[in-house]
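Structure first, then comments.
Both counts, for ligands and for their atoms, begin at 1 and track the order of listing.
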Amino acid sequence: MSNISENIKQIKEQIKKFATNVKRPQESVSLLAVSKTKPISQIIEAYEEGQRQFGESYAVEACDKIKQLKAMGYNDIKWHFIGPCQSNKTKLIAEHFDVIQSIDRLKIAERINNQHPQELGTVEIMIQVNISNEAQKSGVSISDTPELIAQITEKCPMLKIIGLMGIAEDTTDTSKITAQFQALQNLKNELSFKYPDITQLSMGMSNDMQEAISAGSTMVRIGTAIFGARDYSKHI
Ligand SMILES: *Cc1c(COP(=O)(O)O)cnc(C)c1O
């Protein structure tokens, strides 16, 4: 058996264990396989293990792979964009992705709203919230999130906001990580009264999956633990 299918099995076991620990059903946490920088052969290996949701961060590379896989008949993959949304890439992103998790400003939301092909219907998005308060990280602040959601809801009829996405600080201090994830969970709980479509909490990566699931994550985004370390040399 290949490493990738073995790794996916292990991650699913871990999801089950971490969910059970906090009395959540295993099915309440879905697995997004983050395949950025990885070749389509590895995506196909994960697909053959039953994986159908994939996350990508680099628009040009991702659209290339999506087009190739569709041409090969892999038409039932749900593609999530999780990278920074640059203005000059919004058209590519709007045309190829099923879910855009990294919306953090109105201008980008409006571009995607206008560029998403009408015949595909609405596109699902999440709002990326900067929960670690690090200046270099993308994401809207927690305090500005309600206003951004109100504006997108008013001005972007093609976008359906289904949840919030956050990246915790890269630290060994698990209490900090937990506090950041809990802040995002609280925000989602508050917003979901007014916006019942906001049900998803995309948080947790290879190194902080347990903390994320304990804090209510509904989708963990796992790259390294499935596909191994990434080679970024092509992306500099
Ligand atoms: C790359 C990436 C991941 C996956 O991280 P791993 O540590 O490799 O699991 C998850 N989320 C986002 C937003 C990413 O850019």
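Listed by number with element, the atoms of ligand 1 under 4.0 Å from a non-hydrogen atom of Ile222 are 9 (O). Here is the list of ligand 1 atoms found below 4.0 Å of a heavy atom in Thr224: 6 (P), 7 (O), 8 (O), 9 (O). Near Ile167, meaning under 4.0 Å from any of its heavy atoms, are these atoms of ligand 1: 13 (C). Close contacts of ligand 1 with Arg221, meaning ligand atoms under 4.0 Å from a residue heavy atom, involve 4 (C), 9 (O), 10 (C), 11 (N), 12 (C), 13 (C). Interface of Ile82 with ligand 1, defined as ligand atoms under 4.0 Å from a residue heavy atom, comprises 11 (N), 12 (C), 13 (C), 14 (C).
In terms of polar-atom proximity, Gly223 is counted as a contact of ligand 1, with an N or O under 3.5 Å from an N or O of the ligand.
Among protein heavy atoms, atom 9 (O) of ligand 1 sits closest to Ser206 OG, 2.5 Å. Remark: minimum distance from atom 10 (C) of ligand 1 to any protein heavy atom is reached at Met205 SD, 3.3 Å.
Remark: Asn207 CG is loosely packed, at most 12 non-hydrogen atoms of other residues, nucleotides or ligands lying under 6.0 Å away. For Lys16, the NZ atom is loosely surrounded, since the number of other residues' heavy atoms within 6.0 Å does not exceed 12.
Within the structure, the closest approach of Gln101 to ligand 1 does not fall below 4.0 Å when heavy atoms are considered.
At a threshold of 4.0 Å, the pair Lys137-Glu134 counts as salt-bridged, since one of the basic side-chain nitrogens sits closer than that to a carboxylate oxygen. A salt bridge links Lys176 with Glu169: the distance from a Lys NZ or Arg NE/NH1/NH2 to an Asp or Glu carboxylate oxygen falls below 4.0 Å.
One side chain, Thr218 or Gln200, offers a donor N or O that lies under 3.5 Å from an acceptor on the other.
Smallest separation of non-hydrogen atoms from Gln128 and Ile167: NE2-CD1, 3.7 Å. Heavy atoms only, all atoms of each residue included: Met203 and Ala212 are closest at O-CB, 3.3 Å. For the residue pair Asp144 and Val140, the shortest heavy atom distance occurs at CB-CG2, 3.5 Å.
If you look at Asn207 next to ligand 1, there are no close heavy atoms at all, none under 4.0 Å. Counting heavy atoms closer than 4.0 Å to ligand 1, residue Ser57 contributes side-chain atoms (C-beta onward) but none from N, CA, C or O. The side chain of Lys36, and not its backbone, has at least one atom closer than 4.0 Å to an atom of ligand 1 (non-hydrogen atoms only; side chain from C-beta on).
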